[in-house]
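Read the structure below first, then the notes.
Just so you know, these numbers use all the heavy atoms, side chains as well, and skip hydrogens, waters and symmetry mates.
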Amino acid sequence: MSFREKIHWVTLVTMIAAFGWYFLAYPWGVAASPAGLWASAGMLLPVTVAIIVAMTIASAWMAIRTPAEANLKEDERDRSIHYRGTHYAYYPLVVGVWVSIFALFWNAGPAVQLNLLLATVVLAELTRIGVQLYLYRRGY
């Protein structure tokens, strides 16, 4: 497994764990009120810190274990996998933005809109990482 593939696995697991906790623990009963927006802000802080800490520790650990692999330049295969993953992530991003636009017209509260946009970004990012991992595993 290449260094980039390992980083993608760590990112995938970290994002699923962090945002899984966020969306499952979010107090959906207050999402339509102003308190819902503050709940989002309060919950996003530990999610952000957890992702940063986990990714930093994992990246440093893997770079220390295999420094030659960590310093390799991105080759044509890596660039192609990156482009394809980004291409597939575009579709859930566009759909999520349209859903968020329609939510504006349905008078969704600010916290609901924020969570829709956040879910859109998370879903697009998980799609990107998932496609890239699939292509790495497939040997593309």
Side-chain angles (χ1 to χ4, degrees):
M1 211 178 332
S2 72
F3 181 77
R4 284 179 180 79
E5 185 180 356
K6 292 175 190 173
I7 291 295
H8 285 356
W9 276 112
V10 171
T11 305
L12 182 73
V13 170
T14 303
M15 286 192 63
I16 289 172
F19 286 106
W21 170 81
Y22 174 87
F23 287 113
L24 290 174
Y26 185 80
W28 293 103
V30 299
S33 70
L37 198 55
W38 289 105
S40 293
M43 290 178 72
L44 280 174
L45 184 63
V47 165
T48 305
V49 170
I51 290 172
I52 290 170
V53 168
M55 291 299 300
T56 302
I57 290 171
S59 298
W61 181 68
M62 286 188 277
I64 290 169
R65 285 190 61 217
T66 55
E69 209 176 292
N71 292 324
L72 284 177
K73 297 279 186 204
E74 189 177 56
D75 62 5
E76 191 63 36
R77 175 180 174 250
D78 290 323
R79 280 191 293 276
S80 176
I81 288 172
H82 173 78
Y83 293 142
R84 290 183 103 190
T86 303
H87 171 80
Y88 282 101
Y90 173 78
Y91 299 107
L93 188 64
V94 169
V95 170
V97 168
W98 277 106
V99 169
S100 297
I101 289 170
F102 286 124
L104 286 170
F105 291 105
W106 291 330
N107 293 326
V112 173
Q113 292 173 18
L114 174 67
N115 283 315
L116 274 173
L117 288 172
L118 185 60
T120 298
V121 171
V122 169
L123 184 61
E125 190 64 12
L126 289 175
T127 301
R128 182 186 67 82
I129 295 165
V131 167
Q132 289 174 346
L133 284 171
Y134 172 77
L135 294 173
Y136 274 117
R137 292 281 82 202
R138 186 174 159 215
Y140 176 76

Could you work out, with side-chain contact (heavy atoms from CB on, under 4.5 Å) as the rule, every residue matching A60, not counting sequence neighbours?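 Residues passing side-chain contact (heavy atoms from CB on, under 4.5 Å) with A60: none at all.
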
Suppose we screen for side-chain contact (heavy atoms from CB on, under 4.5 Å). Which residues come up paired with V47, at least two apart in sequence or across chains?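 With sequence neighbours excluded, V47 shows a side-chain contact (heavy atoms from CB on, under 4.5 Å) to A18, F19, W21, Y22, I51, given in chain and number order.
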
Stepwise side-chain contact (heavy atoms from CB on, under 4.5 Å) test for K6 and E69: CA-CA 11 Å; K6 292 175 190 173; E69 209 176 292; 4.2 Å; yes

Quick one: closest heavy-atom pair of [X] and [Y], and the distance?
X	Y	value
L133	E5	CD2-O, 3.7 Å
A111	A31	CB-O, 3.1 Å
R4	L72	NH2-O, 3.3 Å
A124	A89	O-CB, 3.2 Å
L117	S100	CD2-OG, 3.4 Å

Answer with yes or no whether the hydrophobic clustering places [X] together with [Y]; edges join I, L, V, M, F, W, Y residues whose side-chain heavy atoms lie under 4.5 Å apart.
X	Y	answer
I129	F23	yes
L118	V112	no
W38	L44	no
F3	M55	yes
L116	L126	no

Should R77 and L135 be marked as a side-chain contact (heavy atoms from CB on, under 4.5 Å) after you check the CA-CA gap, both sets of side-chain angles, and the distance that decides it? CA-CA 10 Å; R77 175 180 174 250; L135 294 173; over 6 Å; no

If you draw a 6.0 Å radius around CH2 in W28, do more than 12 non-hydrogen atoms from other residues or ligands fall strictly inside?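 Correct, the count exceeds 12.
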
Answer yes or no: are there more than 12 heavy-atom neighbours, outside Y26 itself, under 6.0 Å from its atom OH?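 Count over threshold, so yes.
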
Return the [atom1] to [atom2] distance between [X] and [Y], rounded to the nearest 0.5 Å.
X	Y	atom1	atom2	answer
S59	I64	OG	CD1	10.5 Å
M43	N115	CE	CG	8.5 Å
I7	Q132	CD1	CD	12.5 Å
I52	T14	CD1	OG1	12.0 Å
K73	R79	NZ	CZ	11.0 Å
I81	E74	CD1	CD	9.5 Å

Side chain T127, main chain L123, donor-acceptor under 3.5 Å: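 Flag set: sc T127 to bb L123 pair under 3.5 Å.
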
Are the side chain of Q113 and the backbone N or O of A108 linked by a donor-acceptor pair below 3.5 Å?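 Yes, the answer is positive, given that a donor and an acceptor are paired below the 3.5 Å cut-off.
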
Are Y136 and D78 close enough that some pair of their side-chain heavy atoms sits under 4.5 Å apart?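 Contact flag for Y136/D78 side chains = yes.
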
Student check: side-chain heavy atoms of T120 and V99 closer than 4.5 Å: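 No. Closest side-chain heavy atoms not under 4.5 Å.
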
Could you list the cluster mates of I101? Members are the ILVMFWY residues connected by side-chain heavy atoms closer than 4.5 Å, either directly or through other members.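 Besides I101, the hydrophobic cluster comprises Y90, Y91, V94, V97, W98, F102, F105, W106, listed by chain and residue number.
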
Under the side-chain contact (heavy atoms from CB on, under 4.5 Å) rule, what do R65 and M62 come out as? Steps first, then yes or no, please. CA-CA 5 Å; R65 285 190 61 217; M62 286 188 277; 5.6 Å; no

